[in-house]
Amino acid sequence: MADARDMHLGAFRFSPDLLPSVAVILLLTLFISLGMWQLGRAEEKRDLIERFEARREATALGAGSLSALPIDELRYRKVRLVGHYLADRQFLLDNRVRERQAGFEVL
């Protein structure tokens, strides 16, 4: 007499055990949830890129308007500052590369 779990596909007899079946169901659930998480992250990245592009094209903010805006509005914005170097307070940051040219930055 055949077991209720037996399934015949042509000459092939398929009769799964309980442990592999539970493992497949758990792994399938895990992989689907990970896929949904990846889709959510992709949407976050698209929103981030959209915000970055919109603020990159906006006009630069002056120093006086920086304190009036919330911190989230300042993120990814261009800022225009005017000043001069203080010769006695310079800091050189070495091993900086720009356009494949090694050098340093003056901070």
Side-chain angles (χ1 to χ4, degrees):
M1 180 166 162
D3 191 359
R5 293 179 301 170
D6 286 348
M7 182 166 58
H8 294 280
L9 299 171
F12 180 72
R13 185 177 141 246
F14 179 69
S15 62
D17 289 331
L18 181 62
L19 184 61
S21 298
V22 170
V24 166
I25 291 171
L26 290 176
L27 288 173
L28 185 63
T29 304
L30 173 69
F31 293 146
I32 288 173
S33 65
L34 286 174
M36 297 301 286
W37 174 74
Q38 284 287 349
L39 291 173
R41 291 283 296 153
E43 184 64 31
E44 289 175 17
K45 296 289 182 175
R46 280 191 287 276
D47 291 343
L48 182 67
I49 290 170
E50 186 177 302
R51 242 182 312 157
F52 178 78
E53 291 295 326
R55 291 180 182 175
R56 186 179 73 161
E57 295 172 3
T59 59
L61 297 173
S65 62
L66 294 178
S67 62
L69 293 173
I71 193 73
D72 286 340
E73 289 295 318
L74 295 175
R75 203 169 275 158
Y76 314 120
R77 292 290 301 261
K78 290 180 185 177
V79 177
R80 183 176 308 258
L81 301 175
V82 178
H84 61 278
Y85 287 111
L86 299 175
D88 61 334
R89 299 191 187 239
Q90 288 182 358
F91 181 76
L92 301 178
L93 185 57
D94 199 6
N95 293 328
R96 305 300 292 174
V97 178
R98 178 178 283 176
E99 296 177 5
R100 296 186 178 189
Q101 181 74 25
F104 58 91
E105 289 184 27
V106 179
L107 303 176

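Placement of Ile71 and Val79 within a single hydrophobic cluster is found when ILVMFWY residues are connected by side-chain heavy-atom separations under 4.5 Å, directly or transitively. There is a path of hydrophobic side-chain contacts, each under 4.5 Å, that joins Leu81 to Leu69. Residues Leu26 and Leu18 are members of one and the same hydrophobic cluster, defined by side-chain heavy-atom contacts under 4.5 angstrom among Ile, Leu, Val, Met, Phe, Trp and Tyr.
For the pair Asp72/Arg75, a side-chain contact is recorded, criterion being any heavy-atom separation below 4.5 Å from C-beta on. A heavy-atom distance below 4.5 Å is found between the side chains of Leu74 and Leu61. Residues Glu43 and Asp47 are in side-chain contact: their nearest non-hydrogen atoms beyond the backbone lie under 4.5 Å apart.
In this structure, CD in Glu73 is found 9.5 Å from CZ in Arg51, a value given to the nearest 0.5 Å. A distance of 10.0 Å separates CD in Glu57 from CZ in Phe52, rounded to the nearest 0.5 Å. Rounding to the nearest 0.5 angstrom, the gap separating the CD atom in Glu53 from the CG atom in Leu48 is 10.5 Å. In this structure, OG1 in Thr29 is found 11.0 Å from CG in Leu34, a value given to the nearest 0.5 Å.
Taking each heavy atom of Lys78 and Arg56 in turn, the nearest pair found is CE-O, 3.1 Å. Nearest approach of Gly62 to Leu66, heavy atoms of both residues: O-CG, 3.5 Å. Between Asp94 and Phe104 the shortest heavy-atom distance is CA-CB, 3.8 Å.
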